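Here's the structure, in structure tokens; my notes come after.
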Amino acid sequence: MTLLITNAKPYGEQAVDILVEDGVITEIGTDLVSDDAGVDTEVLDAGGHVLLPGLVDLHVHLREPGGEESETIETGVHAAALGGFTAVFAMPNTDPVQDTAVVVEHVRRRGAEIGLCDVHPVGAVTVGRKGTQLAELGTMANSGAQVRMFSDDGSCVNDPLIMRRALEYASALDVVIAQHAEDHRLTEGAQAHEGAVAARLGLAGWPATAEETIVFRDCALAREAGADLHVCHVSSVHTVAVLRNAKAQGIRVTAEVTPHHLLLTDGRLTGYDPVNKVNPPLRTGTDTQAMREALAEGVIDVVATDHAPHAAQYKDAEWAAARPGMLGLQTALSVVVHTMVEPGLLDWRGVARVLSEKPAEIGRLPDQGRPIAVGEPGTFCLVDPDAQWTVRGAGLASKAANTPYEGMRLPGAVVATVLRGRVTARDGKVAV
Amino acid sequence: MKHLLSVADLDAATATGLLDTASRLKETLLGREVRKLPTLRGRTVVTLFYEDSTRTRVSFEIAGKWMSADTINISAKGSSVSKGESLRDTSLTVSAMGADCVIMRHPASGAAHRVAGWQDKDAAVTGTHTSVINAGDGTHEHPTQALLDAATLRDELGAIAGRRIGIVGDVLHSRVARSNVLLLSTLGAEVVLVAPPTLLPTGVAEWPCRVSHSLDAELPALDAVMMLRVQAERMHGGFFPSAREYAIAYGLNENRLALLPEGAPVLHPGPMVRGMEIAPAVADSSNAKVLAQVRNGVHVRMAVLYHLLAGAPE
């Protein structure tokens, strides 16, 4: 199988033609013609758009098994392909929980059957994500699912002793522990960022210190364990300071920020529409600004969506009863263009770094996030940087429609996605 | 006025208009044997309460009945709510049955806003409008309580603008405090919140009021003081060490009453915890206006129903 991509600008630079044979880039040049053109060659006219390595998302909720009314692996993967993603990490808060080899292998297999995007199940750190007993990390790591990231996401591994043991144990397996940093004692009943907006709306506060203190603690534990720690969805300016300090000490910590924490603030909570309810909560403009600067600087390593579909009945409720989470896969790139590229905080090399190269490195994926060069995988995301589009939840591929960007006009559109030489999405349609 | 969800939606003129209507209704009914006005005959008012409440629900019910509205009470217990029906479905069911007004109390902040949003969406389809009155949503607001407090303060002080009002106690968990801070400042009063830091929300600095931790220092310069209920169980959340220490530092006792200007009114939204935030002797003193508040509550709620259902008299 051969794919010829013409007139593409890798990282927004010089336009080239790229030949991909059997999933691997075999030639890069100008005016390339496939040897067997017309027989088994697909031609993708890139129209002078920006070519990036396929995007990698370290944090999605595909809801299957157990939450199929909100999303299935299939609908989630469609959203991923349309969003430019070629690999996603599926969080374990499923039912049953992804805490055994059987469940993670099922998720990996379903992803492979659909084939549009690599699906890597994240294993739970503790049995049932209950925080008390380590799950079989080694068995999951060595299973057919080849689990490389573990997290109790949705819940924090709150017990410091369990977290210490998890990090120590993981250090021998070449896997990373991804922490949902939230001291649950400090967030009992919490509904919104603790600050002026929550005070006015009478919503119990989720203090930023609940994130900051866990990250501080975990960095110290990771240092002593010599383990890799990944911090999920950083949301507070104070956490950035902790991360900067830890990295300066050489602690092996990486961190992600979500598109919504780059763009949205708690000012949106007026009116109590739970589409804006998410955990960690939307914070202030000071925080979004700090997220952007930290991402540009590399203190925060990657953007991960925390794509969290919820069927209408879970959002069409009073604030306290509604479930936290928002869609992210199909809007992530546009939000990054809006918040990072347009203000000049990141160039396209930088976008490739935070949405593809670094996440692939953290997730230990050898064939994702690779340079666009001969001999490398033919895995890409093609972006029209000048396109503008209006977000409509009903038009997104996810089963649920809970996008916080409804009606918003965003810049940058994914034109095509290519996974190992196969076009998985093109012009807003999934290749089936 | 379409709904009454938050005091923030009331400007000074609208709020004053409601208070004026309330006092006119009070005068009209004064000394009457038959306390019934025909204004809302044929209108249906439903109280939909998801929390236990006696005084607010009964006050609204009496207000409706004195205006000749048909009043129906739905308590969340024993209704389809306990079968797991969503707030949306329950509220739309009530309006589909013909309720002109739904008076809501709910433990979730913002619940009345949500219901009003669903009602408006439904009204766009059916053409029949249902008003929503927030009778207390979580720790957010309780607008009619603030209105009845303002009515009482106006009776006692002659005016609200330029007066200094202290609000003392568990501000953090109090919807009464939120509504009162907004309404009293809108009406031109100077508001002072007095509480330990643990019972004040982070972000209170942006409210239109001043904050103090010393009741003794504030009392001499207050024109009126409003005591908030403090639940003794809060000590288990670490909000204060003990009921005893709270009462010593923030309770209004006889010695503190003497610090207030003579005759300064003492308000309490009830139910009072005697011995905690207010000493029995103070609660029973001539300064205490608790029952006047309750009386005003009926007239204020009549005024709100009148403005919402019969159209505001300009």
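Only this structure's heavy atoms are used, side chains among them; waters, hydrogens and symmetry mates stay out. Residue numbers start from 1 in every chain, and the chains themselves are labelled A, B, ... in the order their sequence lines are given, proteins ahead of strands. For clarity, every value in this text was computed on a predicted model and none was experimentally measured.
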Open item on the list: Restricting to non-hydrogen atoms, name the atom on A:Lys315 and the atom on B:Arg114 that form the minimum distance, rounded to 0.1 Å.
Closed with: O-NH2, 3.1 Å
- [ ] Check whether B:His173 gets within reach of chain A through its side chain, its backbone, both or neither, counting any heavy atom under 4.5 Å.
- [x] neither
Task: Shortest non-hydrogen separation from A:Glu194 to B:Thr202 and the atoms involved - done: OE2-OG1, 3.0 Å
- [ ] Identify the two heavy atoms, one from A:Ala199 and one from B:Arg178, that lie closest to each other, and give their separation to 0.1 Å.
- [x] O-NE, 2.7 Å
TODO: For the residue pair B:His113 and A:Trp319, establish whether any side-chain heavy-atom pair is separated by less than 4.5 Å.
DONE: no
TODO: Write down the atom of A:Leu203, the atom of B:Ser109, and the distance for their closest heavy-atom approach.
DONE: CD2-CB, 3.7 Å
- [ ] Might you confirm whether atom CZ of B:Phe239 has over 12 heavy atoms from other residues, nucleotides or ligands at distances under 6.0 Å?
- [x] yes
TODO: Rounded to the nearest 0.5 Å, what's the gap from CE on B:Met104 to CD on A:Glu318? Could you check?
DONE: 8.0 Å
